[in-house]
J.: 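One structure, pasted below without further comment.
Read the numbers this way: they start at 1 and go in the same order the structure lists the ligands and their atoms. All values below come from the heavy atoms of this structure, side chains included, with hydrogens, waters and symmetry mates left out.
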Amino acid sequence: MRPWRSELKRLLLMLAMAAGIGFLLGQMTLTLLLSLLLYSALNLFQLRRLDLWLAKDPTLNQSDPPESFGVWGAIFDGIYRLQNQERKASAYLENIINKAQESSVALEIGVIMINKKGNLDWWNLACENLLGLQYPKDRNQSVTNLIRDPRFADYYHQEKYSDTLKINAPRGNSRMLEFQIALFGEHERLMIVRDITQLHRLESMRKDFVGNVSHELGTPITVIKGYLEAIMDNMQDLDEKWQNPMRQMRAQSIRMENIVRDLLTLASLETETSAKQLESIDILSLLGEIENDTQQMFASKSHQFEIQCAEGVIFEGKRSEIYSALSNLIGNAAKYTPANGKITVVVRRLKKYLEICVADNGAGIEQKHIPRLTERFYRVDSSRSSDSGGTGLGLAIVKHILSRHGGELLIESELGKGSRFTCRLPRSRLIENKTKTAVKKPTELKAENESGKIAAKVS
Ligand code: ADP
């Protein structure tokens, strides 16, 4: 029987007995009142035992509940059961935490927990070796105070944690560390630190090797190409059977020269630190220049160019690099768009970015290739690309240049319809007060003004 039922029975029995005694004594009301008083006193007594127990042991973890019977016995038993479950659950959790901590000690990777205030909560032994953290001295210290490299502070505050950060170890040794942060809970962070010194060394050797080989190949290729050109200038003196091979040799020597040039560009982008001496780049005039060069290079294709850019968009960066990135994109648009295509360049100042979109209505790219386009030597159609003088390095160069300027490249394309390459550069690099205004409609515009600025141009 459920305890409250027997409790009810007990109460009714007590009241019946009190009523019987009262009836015999002729004092029914008094005996009923006395019996209710006794019942309340018993309940108060049990409540007091519960209260004393809770006061003595608020977490209910240390002592067993008081002994009792009836409803109160059932309540105390229920609490006792919950208490036991709680004990087991916390022992289980403690065991897991202990195991996690013990296993993390054996890890060579540093693991740090950072609380929502940005202070260190916990770290494993590897961090003491990698970052020089000391327990308990550094506990509750701000992570940006302990790792003082400004690049770390930028990475930490920008919260673009899908990327990793590679910097030298803060203790001034020659180690190279890679940091990655993940957000969890209430804006707490888990930071992973890896020692990538060896990997970094191998990577530098690879870069040096590619740079040196490209440099060494430069001179022989120039000499071969020079002789081939001299021979071809006197083609009429050449036996007819040699004319076609000569043409092919010259085309391949040009291709080799392009590859070496692009490899050298990539090597210098990878080895040089980002330019410290920044230049003010007038985007409109830069685009005008690139458009002229591209028009000349692809004159036979008679593309229609349209540039939509306000005057006075001045960006701080390395001009030669930004020129190279945009001319690669505009050159590709011209290269991979059949004759009489339309190439549009739109420059927009958004809240966070300066966006430069290069769109064409050319061949387009199948979706599956898009994530790999910025890999070195990746070409969608290698025969088409090398026929058109492509090296497969152009977009890798663009990506590098944009990332050196704090930007990124977005690619959208549809096969047979065209492609759009968007350069997103940080708006913080715009020199805002030089901004004048308005984009002119293509129809309003004729050509460049004296300073070479084009508001919007169709040619
Ligand atoms: P490449 O020197 O071969 O042009 P890139 O790195 O510049 O190398 O481009 C990689 C590949 O991406 C190209 O081979 C080409 O297949 C494709 N691609 C780049 N731009 C375009 C575009 N605007 N339209 C179609 N395909 C393009």
Side-chain angles (χ1 to χ4, degrees), residues 210 214 217-218 221 251-270 287 290-291 293-298 300-308 320-347 355-405 407-424:
V210 173
S214 315
L217 283 176
I221 291 170
Q252 290 304 324
S253 69
I254 292 172
R255 205 175 141 230
M256 260 154 61
E257 196 181 47
N258 288 345
I259 292 177
V260 165
R261 182 205 57 213
D262 282 356
L263 278 174
L264 278 172
T265 309
L266 262 176
S268 71
L269 286 173
E270 279 179 329
L287 287 173
I290 296 172
E291 191 217 328
D293 294 349
T294 318
Q295 289 268 39
Q296 277 176 22
M297 215 183 301
F298 295 90
S300 60
K301 287 195 148 185
S302 314
H303 288 316
Q304 186 190 19
F305 280 82
E306 181 180 325
I307 298 175
Q308 295 177 17
S320 58
E321 290 185 10
I322 297 291
Y323 180 96
S324 168
L326 294 176
S327 72
N328 256 308
L329 293 180
I330 297 175
N332 274 351
K335 214 187 320 179
Y336 299 110
T337 300
N340 302 314
K342 185 167 181 192
I343 294 159
T344 316
V345 184
V346 181
V347 179
E355 242 189 34
I356 307 174
C357 284
V358 179
D360 63 63
N361 60 352
I365 307 159
E366 230 181 306
Q367 214 56 28
K368 66 173 182 192
H369 296 294
I370 291 180
R372 299 196 58 193
L373 285 184
T374 53
E375 284 173 21
R376 278 151 213 236
F377 295 110
Y378 189 84
R379 280 170 288 187
V380 173
D381 175 346
S382 52
S383 62
R384 186 179 67 183
S385 165
S386 43
D387 284 353
S388 49
T391 62
L393 293 167
L395 292 179
I397 293 176
V398 175
K399 187 180 159 193
H400 251 85
I401 292 175
L402 293 183
S403 98
R404 277 161 70 85
H405 286 81
E408 59 183 345
L409 177 68
L410 309 178
I411 308 173
E412 297 154 90
S413 188
E414 207 176 321
L415 199 61
K417 291 205 170 157
S419 314
R420 191 206 326 252
F421 290 78
T422 305
C423 304
R424 265 197 185 158

J.: Regarding D293 and Y323, is there a side-chain donor-to-acceptor distance under 3.5 Å anywhere?
T.: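 D293 vs Y323: donor-acceptor pair found between side chains.
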J.: For ligand 1, which atoms sit closer than 4.0 Å to a heavy atom of I365?
T.: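 Selected atoms, number and element: 18 (N), 25 (C), 26 (N), 27 (C).
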J.: Heavy-atom pairs closer than 4.0 Å: do any link ligand 1 to the side chain of V380, the backbone, both, or neither?
T.: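 Both backbone and side chain of V380 come within 4.0 Å of ligand 1.
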J.: Using a 4.5 Å cut-off on heavy atoms from C-beta on, say whether the side chain of I307 contacts that of E291.
T.: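 SC-SC contact between E291 and I307 confirmed.
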J.: Before signing off on this row, confirm whether A396 and ligand 1 have an N or O atom pair separated by under 3.5 Å.
T.: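 By distance alone, the answer is no.
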J.: Please test R376 against E270 for salt bridge (charged side-chain N to carboxylate O under 4.0 Å, His left out), starting from the C-alpha separation and ending with a verdict.
T.: CA-CA 13 Å; R376 278 151 213 236; E270 279 179 329; 2.3 Å; yes
J.: Between T374 and ligand 1, which residue portion shows a heavy-atom distance shorter than 4.0 Å: side chain, backbone, both, or neither?
T.: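 Under 4.0 Å from ligand 1, T374 contributes no heavy atoms.
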J.: Closer than 4.0 Å to some heavy atom of A333 - which atoms of ligand 1 meet that?
T.: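 Ligand 1 atoms under the 4.0 Å threshold to A333: 23 (N).
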J.: Can you find an N/O atom of K335 closer than 3.5 Å to an N/O atom of ligand 1?
T.: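 Yes, there is a polar N/O contact under 3.5 Å.
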J.: Mind checking the CG-CD1 spacing from L326 to I356? Nearest 0.5 Å is all I need.
T.: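 Spacing of CG (L326) from CD1 (I356) equals 5.0 Å.
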J.: If we set the cut-off at 4.0 Å for heavy atoms, which region of F421 has an atom near ligand 1: side chain, backbone, both, or neither?
T.: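 Side chain only.
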J.: Examine Y378 against ligand 1 and note whether any of their N/O atoms are separated by less than 3.5 Å.
T.: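 Checking ligand 1 against Y378, no N or O pair falls under 3.5 Å apart.
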J.: Could you say whether the N/O atoms of G392 and ligand 1 ever approach to under 3.5 Å?
T.: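 Yes: some nitrogen or oxygen of G392 is under 3.5 Å from one in ligand 1.
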J.: Between the side chains of Q304 and E306, does any donor sit under 3.5 Å from an acceptor?
T.: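 Absent: no donor and acceptor within the cut-off.
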J.: Got a second to check how far H400's NE2 is from L409's CG, nearest 0.5 Å?
T.: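 Nearest 0.5 Å value for the NE2-CG distance: 13.0 Å.
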J.: Taking the side chain as every heavy atom from C-beta outward, state whether L263 and F377 have any pair of such atoms under 4.5 Å apart.
T.: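 Answer yes - side chains close enough.
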J.: Going by heavy atoms, is S419 under 4.0 Å from ligand 1?
T.: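 Flag set, S419 near ligand 1.
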J.: Which of the numbered atoms in ligand 1 are under 4.0 angstrom from any heavy atom belonging to T391?
T.: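 This gives 1 (P), 2 (O), 3 (O) as the contact atoms.
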J.: Given N258, N332, I330, which has its nearest heavy atom closest to atom 20 (N) of ligand 1?
T.: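 Looking at heavy atoms only, N332 sits closest to atom 20 (N) of ligand 1.
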J.: At less than 4.0 angstrom from any non-hydrogen atom of R379, what atoms of ligand 1 do you find?
T.: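 Once the distances to R379 are compared, the set is 3 (O), 14 (O).
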J.: For the CG atom of D360 and the OG1 atom of T344, what is their distance to the nearest 0.5 Å?
T.: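 If I round to the nearest 0.5 Å, the distance is 8.5 Å.
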J.: Between T391 and N258, is there a side-chain donor-acceptor contact under 3.5 Å, judged purely by atom types and distance?
T.: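 There is no such pair between these side chains.
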